Amino acid sequence: MTEVSQSSNGPRAQAPDREMELGVDIVGVSKTFHDRGGIAIALKDVDLHIARGQFVTVIGPTGCGKSTLIGIVGGLIQPDRGTVSIFGEPPARAVLAKHVGFVPQSPALLPWRSVLDNVRLPLQVNRKADDGRAPNYRDPVEILESFGLGGVLGRRPGQLSGGMQQRVAIARALVFDPSILLMDEPFSALDELTREQQRHRLLEVWQSNQKTVIFVTHSVPEAVALADCVVVMAGEPGRVRTVVPVELPRPRTESVETSDAFREIERQVRSELRSAWSSP
């Protein structure tokens, strides 16, 4: 698979092929926020190209603009400068066409609705889409069963563990069968064992359909275990420091995650992060 390329610090290693042209282009994106405390430059000249079907993780110091970047890609935030395209379309149009699924840090499930009805909610809200196009969608029961939740369809969120709630949130994001999945630290509130279980389950689902995934995390092992490549960001202002390729076999079994090759990539990412924290 073609790797993520970064051109803000120099030319791409190779000319983009058709697969790359149909990926996610982030070109010269900058974003500044103004508040009573002054001006905060969240992102400055971020430039990335992500190939269709890649699983990309984004990691960096707190405040380096990771969530802002994923919000811009998802059309939730408008950049001050630069452009983003998702498979050749601007974010707003890609979202309207149901190409984009978003999973926030909190599951944000409606407590009075059952698990099944929470996953059905996007279909009900978008039943009368104003773009005139009938989006593809997946059977909510089928999606929930793929996440091991077939036995809790009638339960309410308060009756589920945190890990199960997060799986419901991911299932809800997949109901329109989006081409790209944006995930903003979805496992950050989980304990380490549950987090590992959810990570493996997510990879199983991803490997079955090879969607494009951009996954924000603060965990180095998680970033390496999930990704085809790790985007390391630096802050003040937020920018891409480097892209670390993860050339490890899939599926990422325990033997892979405890291998010397895995540890070496972890070491490289940690080294880049230390430099990112200390850089001006």
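Each residue takes its place number in the sequence, starting with 1. The structure displayed is predicted, hence computed values, not measured ones.
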Would you say that [X] contacts [Y] through its side chain, given a criterion of any heavy-atom pair below 4.5 Å between the two side chains?
X: Pro91; Y: Val100; result: no
X: Val175; Y: Arg138; result: no
X: Val56; Y: Cys229; result: yes
X: Phe102; Y: Ile70; result: yes
X: Val246; Y: Asp228; result: no
X: Pro79; Y: Val84; result: no
X: Leu203; Y: Arg250; result: yes
X: Leu174; Y: Val205; result: yes

To the closest 0.5 Å, what do you measure between [atom1] ([X]) and [atom2] ([Y])?
X: His200; Y: Arg195; atom1: NE2; atom2: CZ; value: 12.5 Å
X: Met233; Y: Arg239; atom1: CE; atom2: CZ; value: 9.0 Å
X: Arg155; Y: Ser114; atom1: CZ; atom2: OG; value: 12.0 Å
X: Lys44; Y: Glu236; atom1: NZ; atom2: CD; value: 13.0 Å
X: Thr57; Y: Gln54; atom1: OG1; atom2: CD; value: 10.5 Å
X: Leu76; Y: Thr68; atom1: CG; atom2: OG1; value: 11.0 Å

Write down the atom of [X], the atom of [Y], and the distance for their closest heavy-atom approach.
X: Leu273; Y: Gly60; result: CD2-CA, 3.7 Å
X: Val95; Y: Gly74; result: CG2-O, 3.2 Å
X: Ser188; Y: Gln105; result: OG-OE1, 4.3 Å
X: Leu181; Y: Ala173; result: CD1-CB, 3.8 Å
X: Arg270; Y: Pro221; result: NH2-CD, 3.8 Å
X: Ile26; Y: Val29; result: CG2-CG2, 3.7 Å

Using 4.0 Å as the upper bound for N to carboxylate O, is an ion pair formed by [Y] and [X]?
X: Arg263; Y: Glu266; value: no
X: Lys98; Y: Asp177; value: no
X: Lys66; Y: Asp184; value: no

I'd like to know if the side chain of [X] reaches the main chain of [Y], judged simply by a donor and an acceptor atom lying under 3.5 Å from each other, with no hydrogens or angles considered.
X: Asn118; Y: Arg113; result: yes
X: Arg172; Y: Pro107; result: yes
X: Ser271; Y: Gln268; result: no
X: Arg93; Y: Ile86; result: no
X: Asp80; Y: Thr32; result: yes
X: Arg252; Y: Val224; result: yes

Do Arg52 and Phe87 form a cation-pi contact, if we require the NZ or CZ to be under 6.0 Å from the six-membered ring centre and within 45 degrees of the ring's axis?
yes
Assess the side chains of Glu272 and Thr242: does a donor N or O sit below 3.5 Å from an acceptor N or O?
no
Under a 3.5 Å threshold, yes or no: a donor from one side chain and an acceptor from the other, between Ser219 and Thr217?
no
Step by step, would you call Leu43 with Ile72 a side chain to side chain contact (heavy atoms under 4.5 Å, CB included)?
CA-CA 10 Å; Leu43 297 170; Ile72 289 173; 3.8 Å; yes
Quick one: do [X] and [Y] end up in the same hydrophobic cluster if we chain Ile, Leu, Val, Met, Phe, Trp and Tyr together by side-chain heavy atoms under 4.5 Å apart?
X: Leu48; Y: Ile41; value: no
X: Trp112; Y: Leu121; value: yes
X: Leu69; Y: Ile77; value: yes

Relative to each other, are the rings of Phe55 and Trp206 parallel, tilted or perpendicular (30° and 60° limits)?
perpendicular
Donor-acceptor contacts under 3.5 Å from residues 158-168 side chains, at least two apart:
| residue | atom | partner | partner atom | Å |
| --- | --- | --- | --- | --- |
| Gln159 | OE1 | Arg156 | N | 2.8 |
| Ser161 | OG | Met164 | N | 3.2 |
| Gln165 | NE2 | Pro157 | O | 3.1 |
| Gln165 | NE2 | Leu160 | O | 3.3 |
| Arg167 | NE | Gln198 | OE1 | 3.1 |
| Arg167 | NH1 | Phe147 | O | 2.7 |

Step by step, would you call Arg201 with Glu204 a salt bridge (Lys or Arg N to Asp or Glu O under 4.0 Å)?
CA-CA 5 Å; Arg201 192 175 292 273; Glu204 288 174 2; 5.2 Å; no
